[in-house]
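Throughout, numbering of the chain's residues begins at 1 and tracks the sequence. For ligands, and for the atoms within them, numbers begin at 1 and follow the listed sequence.
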Amino acid sequence: MATAPLPERERAPMMEKLVSLAKRRGFFFQSSEIYGGLQGFWDFGPLGVTLRNNIKRAWWRAIVELRDDVVGIETSLIMNPRTWVASGHVKNFTDPLVECKKCHQRFRADQVKGNRHEEDGGEFTEPRQFNLMFKTFVGPAEDSSAQAYLRPETAQGMFVDFANVLSSTRMRPPFGIAQVGKAFRNEITPGNSIFRLREFELMELEYFVPPAEEMKWLEYWKDERMRWHQGIGIRPDKLRLRPHGKDELAHYALGAFDVEYEFPFGWSELEGIAARGEYDLRAHQEASGRDLSYFDDIKRERYIPHVVEPALGVDRSMLTVLIDAYHEEEVRGEQRVVLRFHPSIAPIQVAILPLSRKEPLMATAQRVEHELRPHFRTEYDDTQSIGKRYRRQDEIGTPYAITIDFETANDQAATLRARDAMTQDRIPLGHLREALRERLHADKEA
Ligand code: ATP
């Protein structure tokens with residue numbers, strides 16, 4: 001992961017403000033906080049879980065549902081430990097670990113350069129390889145024969161199940177197997193809030209292709225993935241593709257790219273896309289003794305499919321979405337914080353707000369909310385002043401708010417307020433659904 005870190009004093013405020021907003025509004029907070037938290041573990045609040053679900057749904061829709069060449073599976077978090085020997089993780093899934101001789105703090109050797117700690121004159125031990133897989137035991141005996149690992153990626157599930165998917169579906173290369181699920185890495189230095197976690201969630205696609213087509217599909221998927229990030233609203237000028245240098249590539253990989261985003265702490269990896277050759281299937285074929293090749297009966301040839309793998313963290317996508325949406329603006333002398341979420345992923349798409357807690361305003365507002373709820377992600381809110389409620393909806397990124405006021409009983413209309421333009425339009429109650437549908441659609445296309 002190549003980053004160009006900004007000086008610490010410049011990067012801190014934006015991340016601090018975002019993390020504070022995330023906690024205040026219920027996007028994410030430290031896990032088991034009342035016990036002091038646990039480094040690298042975070043919980044997602046009501047808005048956070050909705051945002052994550054929307055991101056995962058957008059990914060699943062683009063990768064699985066809108067294509068006829070990809071199927072989805074869900075594999076277990078703990079697999080037969082032989083999986084991880086065959087895949088190379090037991091031997092090679094390591095980071096170089098160094099320890100400060102003075103304070104005994106531990107660091108990833110490749111991340112210590114330019115670190116404040118180094119500048120302060122810390123002297124480090126020689127690096128040793130530290131395996132990032134969490135170990136556990138399966139069954140009642142805690143001996144080495146019962147030792148297993150929490151999966152550090154979901155990909156091996158797709159490789160190990162390759163033959164089962166091939167025989168139970170009509171899929172033929174080029175085709176893909178996709179999965180969304182939790183993964184665990186005992187990262188030496190978790191940090192930057194939810195950027196680097198020890199428990200995180202992955203969205204991975206293993207795309208199996210005839211060997212000669214591997215580079216073509218690598219090109220295809222890098223374009224496709226860049227488009228997807230922009231499709232959920234990420235600004236194109238904040239995204240770039242970085243090809244891996246020879247020194248970064250795994251020995252079996254033919255090529256790889258990182259999709260990078262310009263985070264407040266510098267350009268960093270958002271998603272990895274790699275051409276993995278036949279490495280994984282061949283390794284599992286050799287270790288298991290099971291045939292993982294494919295016979296093309298038109299060309300009459302047998303081969304082990306090559307793999308192109310786009311792998312994206314849900315948490316990292318969520319952090320990117322939050323950072324990209326975060327705006328501070330001056331409006332009539334007042335500061336407003338607004339999350340400009342794309343309407344397809346905004347946790348709430350429309351808020352319904354009675355101007356006061358008087359009847360018939362509340363009853364009308366509740367009726368409107370019930371009518372809109374099956375069609376949009378809605379929220380009814382009658383607390384606090386209307387100004388505070390608008391501010392809250394801006395801060396949680398709700399694209400539209402409908403206000404039911406004292407005029408509503410007379411004109412059977414309500415005010416539709418737009419988050420970004422802050423326009424207010426009077427819309428007949430009977431047209432609200434159509435007006436919202438049109439506007440949300442127009443915003444998506446914009
Ligand atoms: P690094 O070199 O930064 O440790 P990596 O290159 O090994 O990471 P991959 O194995 O390529 O990471 O992971 C694919 C994707 O999974 C990353 O692009 C990122 O979105 C996500 N990811 C990886 N590790 C973490 C983590 N510790 N916390 C959150 N997301 C992660």
Side-chain angles (χ1 to χ4, degrees), residues 1-5 28 31 38-42 44 48 52 55-56 59 84 87-89 92-97 107-113 129-134 150-158 178-206 218 221-222 225-226 228-229 232 234 239-245 247-250 252-253 255-261 263 265-276 279-280 307-323:
M1 188 189 69
T3 54
F28 58 80
S31 157
L38 186 61
Q39 242 205 335
F41 296 89
W42 292 75
F44 300 97
R52 290 169 78 73
I55 291 170
K56 287 189 267 184
W59 187 87
W84 307 105
S87 67
H89 282 79
N92 299 323
F93 195 60
T94 55
D95 274 339
L97 173 79
F107 300 94
R108 222 170 98 169
D110 57 328
Q111 286 179 356
V112 95
K113 282 257 161 296
Q129 292 305 320
F130 172 75
N131 196 296
L132 301 184
M133 285 196 291
F134 280 99
L150 300 189
R151 66 179 181 194
E153 60 175 38
T154 71
Q156 299 306 322
M158 273 83 93
Q179 167 159 223
V180 176
K182 288 268 185 172
F184 302 82
R185 295 183 189 178
N186 196 5
E187 297 279 359
I188 297 168
T189 40
N192 279 326
S193 76
I194 59 168
F195 180 84
R196 188 176 298 283
L197 302 165
R198 287 177 167 145
E199 172 179 340
F200 59 102
E201 196 163 7
L202 276 169
M203 304 183 277
E204 289 191 290
L205 167 67
E206 307 306 319
L218 177 64
W221 280 110
K222 84 183 191 345
R225 297 306 304 144
M226 284 294 271
W228 183 84
H229 290 287
I232 60 164
I234 305 300
L239 287 169
R240 72 180 186 196
L241 273 166
R242 190 182 65 81
H244 279 206
D247 52 327
E248 285 175 276
L249 280 180
Y252 50 81
F257 292 88
D258 283 349
V259 177
E260 293 190 333
Y261 179 78
F263 290 91
F265 42 86
W267 286 94
S268 303
E269 174 176 344
L270 166 59
E271 168 162 12
I273 305 166
R276 303 179 56 90
Y279 175 80
D280 306 276
V307 168
V308 176
E309 175 199 79
L312 170 64
V314 176
D315 316 86
R316 205 161 292 179
S317 179
M318 177 184 182
L319 181 64
T320 306
V321 158
L322 281 162
I323 289 170

Exercise. With R316 as the cation and F195 as the aromatic partner, state whether NZ or CZ is under 6.0 Å from the six-membered ring centre and within 45° of the axis.
Key: yes

Quiz prompt | R242 charged N/C atom sitting above W267 aromatic ring, 6.0 Å / 45° | solution = no

Quiz prompt | With sequence neighbours excluded, residues passing side-chain hydrogen bond (donor to acceptor under 3.5 Å, both in side chains) with S317 | solution =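 Not a single residue meets the side-chain hydrogen bond (donor to acceptor under 3.5 Å, both in side chains) criterion with S317.
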
Quiz item: If we only count N/O pairs under 3.5 Å, is R185 in contact with ligand 1?
Solution: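 Between R185 and ligand 1 (N or O atoms, distance only) the closest approach is under 3.5 Å.
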
With heavy-atom distances below 4.0 Å as the criterion, list the atoms of ligand 1 near [X].
X	result
F195	28 (N), 29 (C), 30 (N)
E271	18 (O)
G272	18 (O)
G313	16 (O), 19 (C), 20 (O), 21 (C)

I want to confirm something. Looking only at heavy atoms, which of [options] is nearest to [atom]?
atom	options	value
atom 15 (C) of ligand 1	S317, A311, P152, P190	A311
atom 27 (N) of ligand 1	I188, D110, L197	L197
atom 25 (C) of ligand 1	R198, R196, R316	R316

Quiz item: Taking D258 for the side chain and E260 for the main chain, is one N or O donor matched with an acceptor at less than 3.5 Å?
Solution: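 No, because the side chain of D258 does not come within donor-acceptor range (under 3.5 Å) of the backbone of E260.
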
Quiz item: Donor-acceptor pair, D110 side chain versus D95 backbone, under 3.5 Å?
Solution: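 It does not hold such a pair.
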
Quiz item: Would you say R108 touches ligand 1, if touching means a heavy atom closer than 4.0 Å?
Solution: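 Contact check R108 vs ligand 1: positive.
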
Quiz item: Within less than 4.0 angstrom of ligand 1, does L270 place any heavy atom?
Solution: yes

Quiz item: Got a sec, which residues hit side chain to side chain contact (heavy atoms under 4.5 Å, CB included) with L241, two or more places apart in sequence or on another chain?
Solution: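 With neighbours one apart ignored, the set is K222, M226, F257, V259.
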
Exercise. With the side chain counted from C-beta on, respond yes when E187 and L197 share a heavy-atom pair under 4.5 Å apart, and no when they do not.
Key: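 Counting from C-beta outward, E187 and L197 never come under 4.5 Å.
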
Quiz item: Hey, what's the ring geometry for Y261 with F263, parallel, tilted or perpendicular (30° and 60° as the breaks)?
Solution: perpendicular

Quiz item: Any idea which part of E187 is under 4.0 Å from ligand 1, heavy-atom wise: side chain, backbone, both or neither?
Solution: side chain

